[in-house]
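Following: one structure in structure tokens, then a few remarks.
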2 protein chains.
Amino acid sequence: MSCSQEYTPQLRARGYRMTPQRHAILHVLCHSGKHLSPSEVYVRAQKQVAGLTEATVYRTLEFLAENGLARPSHVGNGRLVYEIANHEHHHIKCRNCGDEMEVEHNLLKSMYQKLESASGYQLTDSHVTFFGLCPDCQKGE
Amino acid sequence: MSCSQEYTPQLRARGYRMTPQRHAILHVLCHSGKHLSPSEVYVRAQKQVAGLTEATVYRTLEFLAENGLARPSHVGNGRLVYEIANHEHHHIKCRNCGDEMEVEHNLLKSMYQKLESASGYQLTDSHVTFFGLCPDCQKGE
DNA sequence: TTCCTTATTGCAAAAAGTTGCAATAACATA
DNA sequence: TATGTTATTGCAACTTTTTGCAATAAGGAA
């Protein structure tokens, strides 16, 4: 309950429906704080909705992402993870130790503008993951 | 032959070996011009090396990426594609029609510096894919 | 050229993710 | 509140990607 409730009108307005499955998945994303893989979402949401399947989790996450309620991101190795889409940010991940931090979008803002004018594209999707070496791992090198 | 030959000493120097499989896969990447999915690489490389398996293609692509000879990129939906790592660039892809263009790295250079000083990270991996609407699809909206 | 070490491959099984389709259940309307 | 439409789910089969392990072969040293 709580957080996920507020999404109901958003879905209805677009002709979609709020279901116990979507409810549970949104709830999981809301209260996780970090991003989760589909199977992590599955394990947690299953406790709230008996009979939930993994296929539904995959479809729901993709659906939520398409509708701007969840943010998918590529964090290494080609696997997607998801988090709730409340504030715009990006990630930097350490190639070595896997440590990760958030980056405010306004650091990238002027670059986005340059990019838009250079390419003619209108940038919609704003999540990017950068890879590098964290301060600790740089010392080790 | 040709292009892929020059990589042999690079691998040897690090204690790795050049094999017919790696040879063929590098050759495919070199002569494709665009990025390819693992299965596309498999289909093409198989013609040069009888008995090549998909597992080997996956492992080889990951290996080449780790050693800086190939560049992996996330082009939508969580699937990885690969291309030969000869010049630094990024991609912008249209969410609507799938059209794609390259972006020169120097457009992002100053942002990379800001990011490094703000985070303390040393950014190593430089490929990013941005998503947006291409000029044509913007008109349609 | 032959031998030896060990990086690399193929195989087969497992894990992760996707898809078609019939059954179910949101929810707008009466 | 009862009803009909159709968005959504579960199921099961399928595709894609990963992994362990024994067999193979690259290439340095004798």
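To find a chain, count down the sequence lines: A is the first, B the second, and so on, and within it residues start at 1.
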Check against side chain to side chain contact (heavy atoms under 4.5 Å, CB included), B/Ile84 and B/Leu69 = CA-CA 6 Å; B/Ile84 200 75; B/Leu69 305 188; 5.5 Å; no

Think A/Thr19 has a side-chain N or O under 4.0 angstrom from the OP1 or OP2 of D/dT9?
-> yes

Heavy atoms under 4.0 Å, any strand shown: does B/Gln21 hit a base, just sugar-phosphate, or nothing?
-> sugar-phosphate

Main-chain N/O of A/His74 paired to A/Thr129 side chain as donor or acceptor, under 3.5 Å | yes

How is B/Tyr16 classified with respect to the nucleic acid when contacts are heavy atoms under 4.0 Å: base, sugar-phosphate, or nothing?
-> sugar-phosphate

In whole angstrom, what separates A/Arg17's CZ from C/dA28's C1'?
-> 9 Å

DNA chain C: 5'-proximal contact among A/Ser39 and B/Gly15 (nearest heavy atom) = B/Gly15

Under 6.0 Å from the six-membered ring centre of B/Tyr7 and within 45° of its axis: does the NZ or CZ of B/Arg22 meet both?
-> no

Separation of A/His23 atom NE2 from D/dT9 atom C1', in whole Å?
-> 17 Å

Within a strict 4.5 Å, meaning less than it, do heavy atoms of the B/Leu115 and A/His90 side chains meet?
-> no

Can you tell me the distance, in whole Å, between the CG atom of B/Asn67 and the P atom of C/dA7?
-> 13 Å

Euclidean distance, atom CZ of residue B/Arg22 to atom P of C/dA7 [Å, nearest integer] = 11 Å

Taking only N and O in the side chain of B/Arg79, is any of them less than 4.0 Å away from OP1 or OP2 of C/dG17?
-> no

Could you tell me the separation between the CG atom of B/Leu52 and the C1' atom of C/dG10, rounded to a whole number of Å?
-> 10 Å

To the nearest angstrom, the OH-C1' distance between A/Tyr82 and C/dG17 comes to 10 Å

Rounded distance in Å - CE (B/Met18) to C1' (D/dG27) | 13 Å

Under the 3.5 Å rule, do the base of D/dG10 and the side chain of A/Arg59 count as making a donor-acceptor pair?
-> yes

To the nearest angstrom, how far is B/Leu11 atom CG from C/dT9 atom P?
-> 11 Å

Describe the nucleic acid contact of A/Leu80 in one word from base, sugar-phosphate, nothing, applying a heavy-atom distance below 4.0 Å.
-> nothing

